[in-house]
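To start, the structure itself, in structure tokens.
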Amino acid sequence: MSGPLYVPVLPARPHVVGVCRRLWPDVGAASRPLWNLPPLPGTAPEMLAAEVGKYVGPVSAVSRRGGWVDAPFGEDAQAAALTEAFLSYYEFGQLRPVTGPERAEAQQRAAVETARRCLRGLGVRVQVAGEWDGRLGEDVRGLLARTGPEVSLDLLLDMGAVLDERPDAGKEALRALDALMPLAVWRSAALLGGGLPRVTGDMLVDGSCEVPRAEWRMWHEVRATGRAYAAFLGYGDYGVQPPSALAQPPAPGRKGGPPWGVLRYTTESSYLLFKTLTRGPDRTAVNRNAARRITELPEFRGAGASQGEQWLSACANGPLSTSEGVGGPTEWLRAGNLQHMTYVVRSLADG
């Protein structure tokens, strides 16, 4: 069993496409994203191809080394149209279909048939938001019975939000893996989880806060057990967004939002969050100070570490006389993901 070093769970959105284009080549080569189509509620089947093209076309173009594309929020009535809309990206790109035990039978059947047709393999995404339920293993067994030996299988064990209030996440992941690994000859297996909560104003009342990387701790707990599969288990996370961000429907032209935002920085054990401003007379000074606080951290890896650190350094050292380069929510999120994804890959490569 072998697989990618890093499986980032990403929304199929333009700002993340920009992140992938800016990753250093070695980081991109080690990453195989699990792309997620946003919810498209009420979209008629005949309109889905155009909608899918807007989101999946760009992510397919930056996924030349492979990955998966999933529609976890697809409605049952959209299953056939979504499969048809994804087909060209499976056949002519490098992305693979995804299904899971809780999906509608029509979606499972379509994903399996697509995997047989395209010969790229099938991602089996098993979502465990709380305690492991043994009945889920039986559901996976039933799903796998639909496949044949010609279909290569990738296990994507998705633990969802893994925060400090889930101290047993490692134990539950281990129970799930012990049940799932014997069910198939998996081409690869990855343990996924999101360690960042939804950031609220209360968290940043003092201008900054620190959040433990609970999903990183979970992965290391499983690896430390010495299970035969543990040494081959891939790592995945949701970047610097909470898992709930994937469920945000598109809102073209949306305006407003809070007057504050956040700069994010990843260290070995924590996410460090610093408050920024989206508007107001103090915006330039506050945002440059937030970036400066990051660049002055003992853990700061230097402007050459990634284009994320490069942007943070430029923002920190910019003049107070102009707001140019202090960014907004898109730039802050892009810089956060660039530094995070680069750091994760380098950490994994170092063992």
Side-chain angles (χ1 to χ4, degrees), residues 4-11 15-16 18-20 22-24 26-28 30-31 33-34 159-164 166 169 190-199 203-204 207-221 223 234-246 261-276 287 290-316 327 329-351:
L5 197 63
Y6 179 39
V7 180
V9 184
L10 302 173
H15 72 271
V16 189
V19 169
C20 291
R22 291 171 173 83
L23 290 171
W24 298 146
D26 65 308
V27 178
S31 307
L34 170 55
M159 302 298 289
V162 181
L163 307 175
D164 257 10
R166 266 182 96 182
L191 177 59
L192 320 174
L196 262 174
R198 186 177 69 86
V199 181
M203 295 170 63
L204 299 173
S208 66
C209 73
E210 182 175 356
V211 178
R213 290 179 67 194
E215 84 291 0
W216 183 243
R217 185 174 65 223
M218 171 187 70
W219 183 75
H220 278 286
E221 286 176 7
R223 292 261 296 182
Y235 169 80
D237 60 34
Y238 283 70
V240 294
Q241 287 189 284
S244 59
L246 296 182
V262 60
L263 284 178
R264 308 154 176 89
Y265 201 67
T266 307
T267 69
E268 183 177 0
S269 59
S270 302
Y271 296 105
L272 304 177
L273 311 176
F274 296 85
K275 185 177 181 179
T276 54
N287 294 0
R292 190 175 305 113
R293 291 179 66 185
I294 292 176
T295 61
E296 291 174 352
L297 290 167
E299 299 91 345
F300 186 66
R301 295 176 286 276
S306 77
Q307 288 200 37
E309 277 93 352
Q310 192 176 87
W311 185 91
L312 288 164
S313 296
C315 179
T330 298
E331 290 81 9
W332 303 332
L333 193 54
R334 183 185 299 132
N337 270 318
L338 280 166
Q339 61 83 23
H340 173 81
M341 293 173 69
T342 302
Y343 180 58
V344 167
V345 167
R346 299 276 163 79
S347 298
L348 292 168
D350 291 341

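All values derive from a computational prediction rather than experimental measurement. The figures that follow rest on heavy atoms only: side chains count, while hydrogens, waters and symmetry mates do not. Note that the numbering runs from 1 along the sequence shown for the chain.
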How close do [X] and [Y] get, counting heavy atoms only, and between which atoms?
{"X": "Gly194", "Y": "Pro243", "result": "CA-CG, 4.0 Å"}
{"X": "Ala349", "Y": "Leu5", "result": "N-CD2, 3.9 Å"}
{"X": "Lys275", "Y": "Ala290", "result": "O-CB, 3.6 Å"}
{"X": "Pro212", "Y": "Asp164", "result": "CG-OD2, 3.4 Å"}

I want to check something: taking the side chain as every heavy atom from C-beta on, are [X] and [Y] in contact at a cut-off of under 4.5 Å?
{"X": "Gln241", "Y": "Pro11", "result": "yes"}
{"X": "Val262", "Y": "Met203", "result": "no"}
{"X": "Tyr6", "Y": "Val27", "result": "no"}
{"X": "Met341", "Y": "Val16", "result": "no"}
{"X": "Arg166", "Y": "Met159", "result": "yes"}
{"X": "Thr266", "Y": "Glu299", "result": "no"}
{"X": "Val7", "Y": "Leu192", "result": "yes"}

Reported [atom1]-to-[atom2] distance for the pair [X] and [Y], which is rounded to 0.5 angstrom:
{"X": "Tyr271", "Y": "Leu196", "atom1": "OH", "atom2": "CG", "value": "5.0 Å"}
{"X": "Leu348", "Y": "Asp350", "atom1": "CG", "atom2": "CG", "value": "9.0 Å"}
{"X": "His15", "Y": "Trp332", "atom1": "NE2", "atom2": "CH2", "value": "14.0 Å"}
{"X": "Asp26", "Y": "Arg346", "atom1": "CG", "atom2": "CZ", "value": "4.0 Å"}
{"X": "Phe274", "Y": "Leu312", "atom1": "CZ", "atom2": "CG", "value": "10.0 Å"}
{"X": "Leu10", "Y": "Asn337", "atom1": "CG", "atom2": "CG", "value": "7.0 Å"}

(request) List the steps and the verdict of side chain to side chain contact (heavy atoms under 4.5 Å, CB included) for Leu273 and Val211. (result) CA-CA 8 Å; Leu273 311 176; Val211 178; 4.0 Å; yes
Would you confirm whether [X], through its side chain, and [Y], through its main-chain N or O, come within 3.5 Å as a donor-acceptor pair?
{"X": "Arg22", "Y": "Gln307", "value": "no"}
{"X": "Glu296", "Y": "Arg293", "value": "no"}
{"X": "Arg213", "Y": "Gly195", "value": "no"}
{"X": "Arg198", "Y": "Pro242", "value": "no"}
{"X": "Arg292", "Y": "Ala316", "value": "yes"}
{"X": "Trp24", "Y": "Ala305", "value": "yes"}

(message) Aromatic contact between Phe300 and Tyr265, with the criterion being ring centroids under 6.0 Å apart: yes or no?
(response) yes
(request) Quick one: do Val345 and Leu23 satisfy side chain to side chain contact (heavy atoms under 4.5 Å, CB included)? Show the steps, please. (result) CA-CA 11 Å; Val345 167; Leu23 290 171; over 6 Å; no
(request) Decide side chain to side chain contact (heavy atoms under 4.5 Å, CB included) for Arg264 and Ile294; before the verdict, give the C-alpha distance in whole Å, the side-chain angles of both, and the deciding distance to 0.1 Å. (result) CA-CA 9 Å; Arg264 308 154 176 89; Ile294 292 176; over 6 Å; no
Under a 3.5 Å threshold, yes or no: a donor from one side chain and an acceptor from the other, between [X] and [Y]?
{"X": "Asp237", "Y": "His340", "result": "yes"}
{"X": "Gln339", "Y": "Arg301", "result": "yes"}
{"X": "Ser306", "Y": "Glu309", "result": "yes"}

(request) Over 60° means perpendicular and under 30° means parallel, so classify the ring planes of Trp216 and Trp219, tilted if in between. (result) parallel
